[in-house]
Amino acid sequence: MCGIVGYIGEQNVVPILLNGLKRLEYRGYDSAGLAVLQDQNIKILKKVGKISILEKSLNMQKLKGYVGIGHTRWATHGEPNEVNAHPHTGNKEKLALVHNGIIENYEILKNELQLKGHIFKTETDSETLCHLFEEYIDNGYDFIEAVRIGLSRVEGTFGLVIMNADWPDLLIAARRGSPLVIGLGKGENYIASDAAPLVGHTTNVVYLEDGELAVVTKNDMKVKTINDEPVSKAVEVIDTDLGEIEKSGYPHFMLKEIMEQPQTMANTMRGRLLIKEGTTKLGGIGMDLESLLYARRVIITACGTSWHAALIGEYMLEELVGIPVEVEYASEFRYRDPVLGNDSVVIAISQSGETADTLAAIREAKRKRCKVFGICNVVGSTIARETDAGVYLHAGPEIGVASTKAFTSQVTVLALITLLLARMRSLSSARGIEIARELARIPEKVTKVLENHEQIKTIAEEFKNMRNFLYLGRGYNFPVALEGALKLKEISYIHAEGYPAAEMKHGPIALIDEDMPVVFIATKDSIYDKVISNIEEVRARKGKVIAVATEGDKEIAKRAHRVIYVPPTIEMLNPLVNIIPLQLLAYHIAVQRGCDVDQPRNLAKSVTVE
Ligand code: G6P
């Protein structure tokens with residue numbers, strides 16, 4: 001949520017900031033801006049809308065410098081207009097700041113500063129910080145101390161980078177709640193919200209922790225806490241390559257990410273599947289496996305698409321391992337008083353590893369003495385670092401705002417964990433081998449579904465003008481229905497709801513008529529016959545049925561308006577195959593409606609505010 005980038009070095013900062021912002025654009029895209037130190041002055045350029053608009057206006061400005069900061073915004077306080085866009089300045093326009101997060105006590109600070117003569121230009125909470133630091137500088141503090149003392153008075157969350165024309169040789173970065181990573185180059189250093197802007201520039205990075213402040217010059221970087229204690233930081237190495245963060249010939253990141261799923265799922269399983277033993281090996285869980293195995297209760301917490309993966313995990317773990325599992329929205333978990341003890345285990349699932357609610361939920365669980373496991377995609381992310389143990393997805397950077405490949409990798413990881421635990425409990429080796437073999441075949445089956453691309457595009461053409469959709473499934477296919485509906489509404493702005501198929505009779509059936517397409521996820525499983533009855537109920541009310549069905553199923557073809565066939569697999573792995581046509585359907589409908597697929601309105605990839 002909001003992307004930040006900073007640079008200090010010997011290259012012209014403008015293209016570096018611009019490219020960095022483009023790579024962070026998935027974090028927010030309602031306005032963007034740059035501040036560059038040029039001729040001892042801070043020059044600021046801000047624009048409403050995407051980075052491309054900022055880029056176009058740059059052609060008319062002769063902006064050049066060697067120190068600068070940039071921001072792409074997802075508005076929290078103040079409408080997304082040019083004035084409210086970052087970077088912000090104080091009264092004197094000597095100091096410029098970019099901020100991600102929310103300053104909770106900004107009104108109190110603002111009133112205090114206004115009484116001292118500070119004139120505010122924007123409706124944002126972030127501008128308050130500029131005046132606050134400026135006030136301390138005016139009172140004789142040096143820039144670093146002014147920021148440090150100022151921040152100690154701030155309540156709320158921040159990831160911020162600040163520059164000052166009177167201290168032209170340094171940038172200050174500070175973090176509480178919103179991620180920041182520092183990229184170490186030769187004679188140059190970078191600061192960014194995540195590693196994407198650093199790729200191609202440097203592989204050596206330092207992650208700031210909450211409560212830390214970094215002073216970054218072109219040849220050096222020093223970190224201390226906001227309370228003024230020294231901190232020594234480890235340099236970590238990132239191994240993302242450029243191809244992973246580029247579209248590689250696809251029109252959208254979302255399509256690229258859908259199409260790469262056979263590969264990303266194989267990457268998730270690589271080295272972890274022990275087919276002959278019918279089990280898995282998960283190094284990240286290591287010594288903490290026992291607590292998971294003997295947990296009295298497992299709570300899986302997550303948001304959005306990750307929450308849908310969690311539901312599938314619940315079904316798998318209860319069915320095969322026999323541990324009681326509950327799935328909780330992280331936003332609810334963090335403010336409830338859930339009954340937890342040291343025999344409860346919390347699993348947090350998050351693609352980004354930065355979602356504010358999920359992070360708060362794991363902190364709450366740790367306070368209550370639970371072991372906390374993380375399932376994250378972004379290596380080195382806050383959730384990955386704050387959990388006791390965990391499993392990475394290894395799906396590579398996901399840039400399309402609507403999550404696709406992370407979802408299938410999350411479900412894959414949950415299947416790997418389930419298999420490991422089930423085998424340590426009562427699952428037979430024969431059954432374990434069957435599951436492991438079938439997991440290994442999934443990438444090939446997904447490839448087959450992806451070959452149906454053209455057929456799904458035609459179905460999208462037929463239904464693109466509908467105003468509502470219902471997605472129905474039972475058992476393992478119920479979370480698939482939820483995820484299919486979420487994909488459609490996120491990127492095409494068509495109202496879509498997912499329901500357990502049988503629940504349809506308790507409400508949604510009232511909506512069914514010829515203008516209500518109903519997507520049934522109706523692959524062969526133990527409750528297939530029941531789903532067929534639900535399809536009949538829809539047909540009887542003239543609803544148009546689009547069915548996702550198992551190859552060779554002729555019965556469905558008699559009942560559904562359109563059928564998308566998928567290869568058969570075992571019940572617990574059905575979601576991995578069945579979600580693929582629904583991702584493609586949502587994608588094609590959105591493209592045909594002219595929607596901005598990778599950056600849907602009002603959404604952001606990484607929700608780092610509450
Ligand atoms: C946002 C994204 C979703 C994502 C959710 C949870 O809403 O748009 O795609 O599923 O956050 O994010 P996480 O990174 O925690 O999985």
Side-chain angles (χ1 to χ4, degrees), residues 1-3 24-30 74 76 177-179 193-194 196 252-254 257-258 264 300-313 327-334 346-363 372-387 390-393 395-414 479 482-493 498 579 582-583 586-587 590 595-610:
M1 196 128 282
C2 297
L24 290 176
E25 198 165 19
Y26 66 86
R27 300 177 72 92
Y29 33 81
D30 58 42
W74 187 90
T76 56
S178 305
S193 298
D194 64 40
H252 299 100
F253 279 111
M254 184 181 179
E257 288 157 6
I258 292 173
T264 50
I300 316 184
T301 190
C303 304
T305 287
S306 301
W307 186 82
H308 295 154
L311 286 178
I312 298 167
V327 175
E328 275 244 25
Y329 284 113
S331 53
E332 289 297 311
F333 180 96
R334 64 180 293 190
V346 171
I347 302 178
I349 308 182
S350 174
Q351 186 287 128
S352 61
E354 302 293 350
T355 302
D357 285 324
T358 312
L359 188 55
I362 65 171
R363 288 179 178 160
V372 184
F373 289 80
I375 300 179
C376 295
N377 192 32
V378 177
V379 175
S381 56
T382 311
I383 294 175
R385 282 179 290 125
E386 290 201 14
T387 40
V391 184
Y392 277 122
L393 304 183
E398 188 181 67
I399 294 170
V401 165
S403 184
T404 51
K405 65 175 181 174
F407 174 77
T408 44
S409 285
Q410 287 165 341
V411 176
T412 304
V413 163
L414 288 161
L482 293 179
E483 176 59 10
L486 177 63
K487 286 291 87 74
L488 187 70
K489 77 182 120 189
E490 277 180 311
I491 59 169
S492 72
Y493 319 139
I579 191 60
L582 306 187
Q583 294 170 342
Y587 171 78
C595 298
D596 188 342
V597 170
D598 281 337
Q599 290 167 351
R601 70 182 179 206
N602 304 341
L603 296 176
K605 181 82 186 147
S606 178
V607 182
T608 55
V609 294
E610 271 194 59

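Atoms within a ligand are numbered from 1 in the order they appear, just like the ligands themselves. Keep in mind the model is a prediction, meaning the values are calculated, not measured.
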- prompt: Can Asp30 and Arg601 be counted as an ion pair, charged N to O under 4.0 angstrom?
  reply: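 A salt bridge is absent here (no side-chain N lies under 4.0 Å from a carboxylate O).
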task: For Tyr29 and Asp598, test the side chains for any donor-to-acceptor distance below 3.5 angstrom and give the result as yes or no.
output: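 Their side chains do not contain a donor-acceptor pair, so the 3.5 Å distance test is not met.
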message: Is the ring pair Tyr329/Trp307 parallel, tilted or perpendicular, if the boundaries are 30 and 60 degrees?
response: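 Rings of Tyr329 and Trp307: parallel, as their planes differ by under 30°.
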Return the residue, atom name and 0.1 Å-rounded distance of the protein heavy atom closest to [atom].
atom: atom 11 (O) of ligand 1; answer: Lys605 O, 3.9 Å
atom: atom 5 (C) of ligand 1; answer: Cys303 O, 4.0 Å
atom: atom 8 (O) of ligand 1; answer: Ala604 O, 3.1 Å
atom: atom 7 (O) of ligand 1; answer: Val607 CG2, 4.0 Å
atom: atom 12 (O) of ligand 1; answer: Thr355 OG1, 3.3 Å
atom: atom 4 (C) of ligand 1; answer: Thr305 N, 4.2 Å

task: State the atoms of ligand 1, each with its element, that fall below the 4.0 Å cut-off from a heavy-atom position in Ser403.
output: 9 (O)
query: Just which atoms of ligand 1 are under 4.0 Å from any heavy atom in Val401?
result: 8 (O), 9 (O)
field: Stepwise side chain to side chain donor-acceptor pair (under 3.5 Å) test for Thr305 and Glu483
entry: CA-CA 6 Å; Thr305 287; Glu483 176 59 10; 3.1 Å; yes
message: Would Ser306 count as being in polar contact with ligand 1, using the rule that some N or O on each side must be under 3.5 angstrom apart?
response: yes
query: N/O to N/O below 3.5 Å, does that happen between Gln410 and ligand 1?
result: no
